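First up is the structure itself, then whatever we jot down about it.
All values below were derived from every heavy atom in this structure, side-chain atoms included, with hydrogens, water molecules and symmetry-related copies excluded. Just so we're clear, the structure is a prediction, and the values are computed from it rather than from any experiment.
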Amino acid sequence: MLSSVLRCPHSITNNAKLFHYNESATTPFHSSNRSITKCLPPPQLRLGYRCSKRDEQVTPFSEGFSFSALKEDDSVWDSGDVWTNLALYVFTLHIPFSFGGLSVVSLLSRQPHLHPQIQALSLLTIQILELYGALILLKYTAKPQHDFTKLFKNTSKSLNDRNWFLALALGFGFLVLLIFLTSLLADGLFGPKPVYNPILKEMLLDSDVSRVSCVLVYCIFTPFLEELVYRGFLLTSLSTTMKWHQAVAISSIVFSAIHFSGESFIQLFIVGSVLGCSYCWTGNLFSSIAIHCLYNALTLLFTYFN
């Protein structure tokens, strides 16, 4: 009984009663007339007493559970400048480098058709430059005293149990399943079409240098760049002004549209949605980067061996 009192003294502050009595001394250390004061709970609470303030663990079935680990104060960019900053990235970095970079290389080298190895090395250089430019842009437009590492770790102790390795496994498996099902549906509606890029296949079959360059581009730099921009920047910023699933949907539409591929719009939207949900669940950008890397690696393998 006393152990229960000591375990939760704050819950019986208003109900406890003081009982004063005289206890006869049975040892040399007590006098026969010494008054002893004890703090006991009321009689109705003495049996089966439990602490009413006990902390409860938050589970997916708890009332206060939230799927998204992102908070309103997680964004390091002003919500009012989201679309301005995105447009600045698209028109000053993404379109010039991703869609005009190889044309500039072809013009400078005076070769209308670039050799596959030169093309692969050029893609690697272009992607590194675009990533470097995006880092500078996001750093320049961020709030003062911003730490970019905040996007790659859980800042809340209550989210430590959200293992991003588990999110990686589930997200990648779910993504592959969805892409496979949508591919079957598209083949049934519009007929079978080649699912690989012939230019990419030519680079993969050319030389070891070309293959290594393609792996670096598609499995390292591109996933890091796109996840930083579309999940780390766009999704995080949107989640401060709307519900997380709305932010995932809008960021996925933007992610798909900026690829300028009408035939792959639905599949790219699915990819963006899975990556966005993974990032929202873990609050860790590494989870979506890892899924993106594995998905692109699977695409390279399929293109190489097809």
For this session: State yes or no: do Ile179 and Leu184 share one hydrophobic cluster built from I, L, V, M, F, W and Y residues joined by side-chain heavy-atom distances below 4.5 Å, directly or via other members?
Result: no
Seminar exercise, completed: Correct closest heavy-atom pair for Leu285 and Leu228 would be CD2-CA, 4.0 Å
Exercise. Is the closest side-chain donor-acceptor distance between Ser210 and Ser207 under 3.5 Å?
Worked result: yes
For this session: Hey, could you give me the SG/CZ distance between Cys293 and Phe224, rounded to the nearest 0.5 Å?
Result: 10.0 Å
Problem set entry | Contact check, side chains of Ser183 and Gln267, non-hydrogen atoms, under 4.5 Å | yes
Seminar exercise, completed: dist Cys277:SG -> Leu170:CG (nearest 0.5 Å) comes out at 12.0 Å
Exercise. Got a donor-acceptor contact below 3.5 angstrom from the Ser109 side chain to the Val105 backbone?
Worked result: yes
Problem set entry | Contact summary for Val274 and Gly171, nearest pair of heavy atoms | CG1-O, 3.5 Å
For this session: For Leu238 and Trp83, run side chain to side chain contact (heavy atoms under 4.5 Å, CB included): C-alpha distance rounded to whole Å, both residues' side-chain angles, the deciding distance at 0.1 Å, then the answer.
Result: CA-CA 10 Å; Leu238 292 177; Trp83 300 112; 3.9 Å; yes
For this session: Determine yes or no for a side-chain-to-main-chain donor-acceptor pair under 3.5 angstrom, with Asp78 supplying the side chain and Gly80 the backbone.
Result: no
Exercise. Can you find a pair of side-chain heavy atoms, one from Thr141 and one from Asp81, that are under 4.5 Å apart?
Worked result: no
Problem set entry | Over all atoms of both residues, closest heavy-atom pair of Asn197 and Thr303 | O-CG2, 4.1 Å
Problem set entry | Side-chain heavy-atom pair Trp244, Leu70 within 4.5 angstrom cut-off | no
Problem set entry | Polar side-chain atom of Ser239 near backbone of Thr236 as donor-acceptor pair, under 3.5 Å | yes
For this session: Following the transitive rule for hydrophobic clusters with a side-chain heavy-atom cut-off under 4.5 Å over Ile, Leu, Val, Met, Phe, Trp and Tyr, establish whether Leu129 and Tyr140 coincide in one cluster.
Result: no
Problem set entry | Heavy-atom check, side chain of Leu300 versus side chain of Tyr304, under 4.5 Å | no
Problem set entry | Chi angles and distances behind the side chain to side chain contact (heavy atoms under 4.5 Å, CB included) call for Ile220, Gln127 | CA-CA 10 Å; Ile220 303 297; Gln127 201 67 12; over 6 Å; no
Problem set entry | Minimum heavy-atom distance Ser106-Leu114, with the two atoms named | CA-CD2, 3.9 Å
Problem set entry | Check: Gln117 main-chain N/O paired with His115 side-chain donor or acceptor under 3.5 Å | yes
For this session: Assess the pair Phe99 and His94: is the distance between their ring centroids shorter than 6.0 Å?
Result: yes
Problem set entry | Inter-residue atom distance Leu102.CG - Leu107.CG, 0.5 Å rounding | 12.5 Å
Problem set entry | pair Leu275-Tyr279: side-chain heavy atoms closer than 4.5 Å | no
For this session: Keeping the roles fixed (side chain from Thr282, backbone from Ser287), state whether a donor-acceptor pair exists under 3.5 Å.
Result: no
Problem set entry | Exceeds 12 heavy-atom contacts within 6.0 angstrom, atom CZ of Phe265 | yes
For this session: Carefully, step by step, assess Glu226 and His259 under the rule side-chain hydrogen bond (donor to acceptor under 3.5 Å, both in side chains).
Result: CA-CA 11 Å; Glu226 294 184 344; His259 280 78; 3.3 Å; yes
Exercise. Just how far is it from atom OG of Ser213 to atom CG of Leu124, taken to the nearest 0.5 Å?
Worked result: 5.0 Å
Exercise. Can the ring centroids of Tyr89 and Phe233 be said to lie less than 6.0 angstrom from one another?
Worked result: no
Exercise. Would you say Leu294 and Leu298 make side-chain contact, with heavy atoms under 4.5 Å?
Worked result: no
Seminar exercise, completed: One should read off an interatomic distance between Lys139 NZ and Ile136 CD1, to the nearest 0.5 angstrom, of 12.0 Å
Exercise. Does Asp206 use its side chain to pair, donor to acceptor, with the backbone of Pro116 at less than 3.5 Å?
Worked result: no
Seminar exercise, completed: Between the CZ atom in Phe172 and the CG atom in Leu177, the distance rounded to the nearest 0.5 Å is 11.5 Å
Problem set entry | Side-chain donor or acceptor of Trp77 paired with backbone N/O of Leu138 under 3.5 Å | yes
For this session: Can you see which heavy atom on Ser288 is nearest to which on Ser278, and at what distance?
Result: N-OG, 4.1 Å
For this session: Check whether Tyr295 and Leu181 end up in the same hydrophobic cluster, where Ile, Leu, Val, Met, Phe, Trp and Tyr are linked by side-chain heavy atoms less than 4.5 Å apart.
Result: no
Problem set entry | Nearest atoms (heavy-atom pairs only) where Phe286 meets Asn284 | N-OD1, 2.9 Å
Exercise. If you group Ile, Leu, Val, Met, Phe, Trp and Tyr by side-chain heavy-atom gaps below 4.5 Å, do Leu200 and Val209 land in one group?
Worked result: no
Exercise. Taking the six-membered ring of Phe255, is the NZ or CZ of Arg231 close enough (under 6.0 Å from the centre) and on axis enough (within 45°)?
Worked result: yes
Problem set entry | Validation row: Ile126, Ser98 side chains within 4.5 angstrom (heavy atoms) | no
Exercise. Hey, mind stepping through Leu225 and Phe221 against side chain to side chain contact (heavy atoms under 4.5 Å, CB included) and telling me if it holds?
Worked result: CA-CA 6 Å; Leu225 170 63; Phe221 293 104; over 6 Å; no
For this session: May I ask you to decide if Ser252's main-chain N or O and Ser256's side chain share a donor-acceptor pair within less than 3.5 Å?
Result: no
For this session: Apply side chain to side chain contact (heavy atoms under 4.5 Å, CB included) to the pair Leu235 and Tyr230, showing each step before the final yes or no.
Result: CA-CA 6 Å; Leu235 176 55; Tyr230 299 107; over 6 Å; no
For this session: Evaluate the side-chain proximity of Phe180 to Leu185: yes if any heavy-atom separation is below 4.5 Å, no if none is.
Result: no
Exercise. Is atom CZ of Phe269 surrounded by more than 12 heavy atoms (other residues, nucleotides or ligands) closer than 6.0 Å?
Worked result: yes
For this session: Please answer: with hydrophobic residues joined when any side-chain heavy atoms are less than 4.5 Å apart, are Val229 and Tyr132 in the same cluster?
Result: no
